[in-house]
Colleague: 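I am attaching a structure below and will ask some questions about it afterwards.
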There are 4 protein chains.
Amino acid sequence: MAKPKSPKKREEIFNAALRLFSRNGYSKTTIKDISEEAGVSFGTVFTYFEHKEALFHACVTEPLDEFRNHLLDAKESLDTLTIDKLKSLVAQHITFFLEKEDYLRVVQYVIGQPERFSEMEMLDEFAEQFMELVKAIVTTGMRKGFLPESDPDEIGYGYLAFLMGARLTFTDHANVQLTNAFKNQALRLFGVLD
Amino acid sequence: MAKPKSPKKREEIFNAALRLFSRNGYSKTTIKDISEEAGVSFGTVFTYFEHKEALFHACVTEPLDEFRNHLLDAKESLDTLTIDKLKSLVAQHITFFLEKEDYLRVVQYVIGQPERFSEMEMLDEFAEQFMELVKAIVTTGMRKGFLPESDPDEIGYGYLAFLMGARLTFTDHANVQLTNAFKNQALRLFGVLD
Amino acid sequence: MAKPKSPKKREEIFNAALRLFSRNGYSKTTIKDISEEAGVSFGTVFTYFEHKEALFHACVTEPLDEFRNHLLDAKESLDTLTIDKLKSLVAQHITFFLEKEDYLRVVQYVIGQPERFSEMEMLDEFAEQFMELVKAIVTTGMRKGFLPESDPDEIGYGYLAFLMGARLTFTDHANVQLTNAFKNQALRLFGVLD
Amino acid sequence: MAKPKSPKKREEIFNAALRLFSRNGYSKTTIKDISEEAGVSFGTVFTYFEHKEALFHACVTEPLDEFRNHLLDAKESLDTLTIDKLKSLVAQHITFFLEKEDYLRVVQYVIGQPERFSEMEMLDEFAEQFMELVKAIVTTGMRKGFLPESDPDEIGYGYLAFLMGARLTFTDHANVQLTNAFKNQALRLFGVLD
DNA sequence: CATGAATGAGGCTTCATTCAT
DNA sequence: AATGAATGAAGCCTCATTCAT
């Protein structure tokens, strides 16, 4: 009975890869870098991931599930939506995006070179779902009267663009002031002025 | 002491490089690719740019001047700012950002790997200047009464984040509907609801 | 002191190795390939053979005994040799060589790279013994009058060369016509025209 | 005006490769070995041959033309064929085969692993042509009366097998006695006893 | 100036072997 | 005895850079 593949080791490699891919991009990151960061030998990386590409693919696609859970579950509570719930939802989004620095940089890397990475497709699909949710929120808000007349499509595009831009344009995200700025600005996209 | 080399050939190489760097990133782009795209032999690239790095550096920094001209010259007409002028200014910004696809992808590439590229510094500086302008606009707008009470700093951060996000999150920028969405949404960041 | 390990498993590994070495050569054949062909895990291969080299060595040397038995036992019946017995002996040789496809390919592999494989020595020794037998046959045949005047040495060399060439030059050995051709041609080397 | 690719350097690499492939086989031979043997740097090999495989392919196929010239041109003088001409032709073949040691070892390598190397096809084609020539010779010889009744097909197969076997089974080819043995034995395949 | 042959460092990947389970 | 995870040496190939023509 030999040692079975250790899920823990896989995770360490995965995390090391995500960290390095996000800081240095795909090509600049070497398997050796990853193995050292993960504290395993060079060859071990290939025990858990067939290719460098497969490892990158995992880094792009696997965290998407967590995103789906965090971002799309608001769908079920649309009926009870209020202006306060919206505000807390937006705050949650901002916080979540600012937290997932490593992952979103990798996503940014893929988005920036869409012809190069086939993973783009999955990201597009997720973006689509997210914008659908936003549109449903806007529609509900207008019906309930706590959001001003707006084009739900436009807010869908604008809100996602803003979340990404907030995360990707600035480096200094420990800054509380910045976080608050983003929360307020995001609400303005929904037409909420304060 | 102008170099006697052909400025036209330099430009062709530069444009080819910008195009390829923006689509494939720094490491994936080879000098040979660039030389072929530019229609010169690959040795010629080294006649005009000492290194691959120097060529990349040029791609990141040289277009910044045009950005400065387009984006920062509003500073001089703050006195005569009106709500309509603001609307047209924002529209201009959106259009300009959406137009400069290749360049902004390269910028995105650098921003995404700030530790890797020393050019980040110059981009930061530009961002600072741009946000200063935005703050001045907001202050003026509030004083003149056509903008609601806001925190100028927050709008500075938010507006730049939005412009970048708009450019970087979506691929399909020929879309007119998308452009309009962004214009309207951008105005909302300033507190302008329609 | 027999090893307690399963002789059956050893044989399966051995046969798998012989088959794969013969088709793909030494370097192209991996231990994993062999283990899969043999239906065991690849660690098990190392239980029965210390090295890859040891396994190859076994493949080259172990079947030699069977060759010795089949090819050299004619030595004892030289006294009663007749032209008909010679014909049947030659037919037997041809058949035997054509049968041992896998093994002879491995031998061919070693012969083709004699500096590389130390096993060459044993093969040389066997060749020497075989040619001695042929020479004895020729001498006997001439003395008994059923073989024409010949140089026994020349026939020794020529006959072995022919047997190897017959086996190694063509792929299509199921062909009966080919087998017959070889039998007739081999006899001609002995000076027997029909 | 840059240096054009030097045909001389290509040939040096080619010869080094042929020599090493023939002694050590495909996999055991490294590009580094070849470059050192050829007296060029590692990278230069790739200037002249795209792959290791391409280099091997060249080693197998390019010398075939010389073989065609040497072995197949007898076709034109069939009308004037005599027993003496046949003897000298056979002697020529033997000499030629014994001379081309490096090349024929590579051929042997391919023949020994026909499923592995696509070059096998071309070798088969050449063998076909050569055997056609042999058959024509035999038919002519029988018609002219200097060769005994024989099956031309059988001699075709047998003669080629013998030439290959002569070359491949023994290492010691400087030996004059061996060469003579092969010449005499080869003639016996045609039914010529002395 | 333009060209592209020559160079060799560095990356990905394969695979024999070791050894804990 | 059997297994297969871990290791790292070694090979192929790419590509930035140099430099002779």
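In what follows, every chain begins at residue 1, and chains take the letters A, B, ... in the order their sequences are listed. Just the heavy atoms: all of them, side chains too, but no hydrogens, waters or symmetry mates, feed the values below.
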Colleague: Is Y48(D) near enough to dA6(E) that one of its side-chain N or O atoms lies under 4.0 angstrom from OP1 or OP2?
Modeller: yes
Colleague: Taking the minimum atom-to-atom distance to the side chain of K52(A), which one of dA6(E), dA2(F), dC12(E) wins?
Modeller: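 The answer is dC12(E).
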Colleague: Give the rounded distance in Å between these two atoms: CZ of R10(D) and P of dA5(E).
Modeller: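 Rounding to the nearest Å, CZ of R10(D) and P of dA5(E) are 14 Å apart.
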Colleague: Using modelled atom types only, decide if a donor and an acceptor are shared between the side chain of E12(D) and the backbone of G39(D) within a distance under 3.5 Å.
Modeller: no
Colleague: Would you call the rings of F67(C) and Y103(C) parallel, tilted or perpendicular if under 30° counts as parallel and over 60° as perpendicular?
Modeller: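 The rings of F67(C) and Y103(C) sit tilted, inter-plane angle from 30° to 60°.
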Colleague: Which one is paired to dA20(F), where only Watson-Crick or G-U wobble pairs with both distances under 3.5 angstrom count?
Modeller: dT3(E)
Colleague: Which listed nucleotide (dA6(E), dG4(F), dC13(F)) is nearest to the side chain of H51(D)?
Modeller: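 From the listed options, dC13(F) comes nearest.
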Colleague: Expressed as a whole number of angstroms, how long is the span from K5(D):NZ to dT3(E):C1'?
Modeller: 14 Å
Colleague: Mind calculating the distance between CD1 (I13(A)) and C1' (dT7(F)) to the nearest angstrom?
Modeller: 12 Å
Colleague: Atom NZ of K8(C) and atom P of dA1(F): how far apart are they, to the nearest Å?
Modeller: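 Checked: the NZ to P distance equals 17 Å.
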Colleague: Report yes if a side-chain nitrogen or oxygen of K9(A) is closer than 4.0 Å to either non-bridging phosphate oxygen (OP1 or OP2) of dA5(F); otherwise report no.
Modeller: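 No.
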Colleague: Can you say whether the rings of F46(C) and F42(C) are parallel (under 30°), tilted (30 to 60°) or perpendicular (over 60°)?
Modeller: perpendicular
Colleague: Go nucleotide by nucleotide along DNA chain F from the 5' end; which of E50(B) and I31(D) gets its closest nucleotide reached first?
Modeller: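 Final value for this comparison: I31(D).
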Colleague: To the nearest angstrom, how far is I34(C) atom CD1 from dT17(E) atom C1'?
Modeller: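 Answer to the nearest Å: 14 Å.
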Colleague: Y26(D) or F42(C): which one's nearest nucleotide on DNA chain F is closer to the 5' end?
Modeller: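 Between the two, 5'-proximity favours F42(C).
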Colleague: Could you tell me the separation between the CD atom of E53(C) and the P atom of dC15(E), rounded to a whole number of Å?
Modeller: 17 Å
Colleague: Just to confirm, is there a sub-4.0 Å distance from OP1 or OP2 of dT3(E) to any side-chain nitrogen or oxygen of S41(B)?
Modeller: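 Affirmative; the distance criterion is met.
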Colleague: If each of T30(C) and K32(A) is mapped to the nucleotide of DNA chain E with the nearest heavy atom, which maps nearer the 5' terminus, i.e. the 5' end?
Modeller: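 Its nearest nucleotide lies further toward 5', so the answer is K32(A).
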Colleague: Under 4.0 Å, heavy atoms only, any strand: does S35(A) hit a base, just the sugar-phosphate, or nothing?
Modeller: nothing
Colleague: Give me the ring orientation class for Y26(A) and F117(A): parallel if the planes are under 30° apart, tilted from 30 to 60°, perpendicular past 60°.
Modeller: perpendicular
Colleague: Tell me, yes or no, whether the heavy-atom count around E36(B) atom CD, taken from other residues, nucleotides or ligands under 6.0 Å, exceeds 12.
Modeller: yes
Colleague: Round to a whole Å and report the spacing from CZ of F49(B) to P of dT18(F).
Modeller: 16 Å
Colleague: Please compare F46(A) and V40(D) by the position of their nearest nucleotide in DNA chain E and report the one closer to 5'.
Modeller: V40(D)
Colleague: Pick base, sugar-phosphate or nothing for T29(C), based on heavy-atom distances below 4.0 Å to the nucleic acid.
Modeller: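 The answer is sugar-phosphate, as T29(C) gets under 4.0 Å only of primed atoms, P, OP1 or OP2.
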Colleague: Does K28(B) make a side-chain N or O approach to OP1 or OP2 of dC15(F) shorter than 4.0 Å?
Modeller: no
Colleague: Salt bridge or not between R19(B) and E115(A)? Use side-chain N to carboxylate O under 4.0 Å.
Modeller: no
Colleague: Using a cut-off of strictly less than 4.0 Å, decide whether T44(A) has a side-chain nitrogen or oxygen near OP1 or OP2 of dT7(F).
Modeller: yes
Colleague: Using atom CG of D33(B) as one end and atom P of dT14(F) as the other, report the distance to the nearest whole Å.
Modeller: 13 Å
